[in-house]
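Take a look at the structure set out below.
Values below: every heavy atom of this structure, side chains too, minus hydrogens, waters and symmetry copies.
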Amino acid sequence: MSIKGSTTTASYMDFDKLINLGFRIIKNESNFKIGLIILVGANTGLRASDILSLRHFHLNNTTGQFSIREKKTGKKRIITINDHLKRAYSIFLSRCETPIDDDDFLFVSQKNTVYTVRSINRLLKEVIPNKKGLNVSSHLLRKSFGRAVWEKFGESEKSLIYLSEIFNHSSISLTRRYLGIRQSEISNIYTNL
């Protein structure tokens with residue numbers, strides 16, 4: 001349970017390491033679906049509940065985009081399918097043993113039910129190396145996306161404005177706190193003395 005205005009305890013990972021891990025899993029592991037979950041989360045910044053609501057038609061389309069209505073906020077969000085997602089979905093399809101219908105959910109367990117957020121968190125803990133201080137959960141994917149955007153666009157206020165809009169946060173100060181940016185800057189002051 002989260003309290004409004006509080007910061008989350010989820011950690012983040014280096015974006016490139018997370019992407020490499022996702023592709024390794026989707027190519028080589030028996031539970032390759034968790035690899036696609038990692039890649040979707042890291043490339044879209046969607047919450048786990050929204051990732052689990054995705055169907056094949058979301059990624060299998062010619063427009064290069066899809067829209068969803070976020071469960072938590074009720075707001076519509078348009079996602080562009082980048083090259084990572086195109087490649088991941090192609091590998092994913094090649095590994096599927098049963099015929100796929102566009103209306104089928106992407107993330108269905110062996111019991112033929114859609115994964116739950118709880119099961120995703122358990123699976124992520126099995127595949128993501130748990131280094132000291134790393135809190136592994138599905139939220140790690142969303143935070144890793146946010147940190148990657150912030151770093152890629154020069155750690156600028158402009159990137160925080162974009163992320164605030166992407167995440168549907170009420171302010172950029174909330175986005176800054178969410179990403180742990182202020183605390184990491186303060187910590188750097190101490191370590192760089």
- Is there a side-chain contact (heavy atoms from CB on, under 4.5 Å) between Val127 and Ile38 once you walk through the steps? CA-CA 10 Å; Val127 299; Ile38 289 169; 4.1 Å; yes

- Please assess Arg77 against Glu70 for the test salt bridge (Lys or Arg N to Asp or Glu O under 4.0 Å), listing each intermediate value before the final yes or no. CA-CA 7 Å; Arg77 187 151 158 219; Glu70 292 182 331; 3.3 Å; yes

- Task: Determine, step by step, whether Leu140 and Leu124 satisfy the side-chain contact (heavy atoms from CB on, under 4.5 Å) criterion, reporting the C-alpha distance in whole Å, the side-chain angles of both residues, the deciding distance to 0.1 Å, and the verdict.
- Result: CA-CA 9 Å; Leu140 175 139; Leu124 287 171; over 6 Å; no

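Phe15 does not carry Arg147 over the face of its six-membered ring by the limits of under 6.0 Å from the centre and within 45° of the normal.
For Tyr178 and Phe167, the distance between ring centers is under 6.0 angstrom. In this structure, His56 has its ring center under 6.0 Å from that of Tyr89.
Salt bridge Glu29/Arg24: present, at least one basic N to carboxylate O contact under 4.0 Å.
What you find for Gly35 and Ile25 is that their closest heavy atoms are N-CG2, 3.5 Å.
There is no side-chain donor-acceptor pair under 3.5 Å between Ser11 and Asn135. With 3.5 Å as the limit, one finds a donor-acceptor pair spanning the side chains of Thr175 and His169.
Here Ser144 contributes atom OG and Arg142 contributes atom CZ; the two are 12.0 Å apart, rounded to the nearest 0.5 Å. To the nearest 0.5 Å, atom OG1 of residue Thr113 and atom CZ of residue Phe107 are 14.0 Å apart. In this structure, NZ on Lys71 lies 7.5 Å from CG on Leu52, to the nearest 0.5 angstrom.
When hydrophobic clusters are built by joining Ile, Leu, Val, Met, Phe, Trp and Tyr residues whose side-chain heavy atoms come closer than 4.5 Å, directly or via intermediates, Phe66 is not grouped with Phe57. There is a path of hydrophobic side-chain contacts, each under 4.5 Å, that joins Leu39 to Ile91. In terms of hydrophobic clustering, with Ile, Leu, Val, Met, Phe, Trp and Tyr side chains grouped at heavy-atom distances under 4.5 Å, Leu21 and Phe23 are assigned to a common cluster. The hydrophobic clustering, which links ILVMFWY residues whose side-chain heavy atoms are closer than 4.5 Å, places Phe105 and Leu46 together.
Ile68 has its side chain out of reach of Lys76: every pair of non-hydrogen atoms, C-beta onward, lies at least 4.5 Å apart.
Counting non-hydrogen atoms of neighbouring residues, nucleotides and ligands closer than 6.0 angstrom, the CD atom of Gln110 reaches no more than 12 such neighbours.
Of the possible donor and acceptor atoms, none in the side chain of Asn20 sits under 3.5 Å from a partner among the backbone N and O of Lys17. Judged by distance alone, the side chain of Arg47 and the main-chain N or O of His139 form no donor-acceptor pair under 3.5 Å. Between the side chain of Ser164 and the main chain of Ile161, no donor-acceptor pair closer than 3.5 Å is present.
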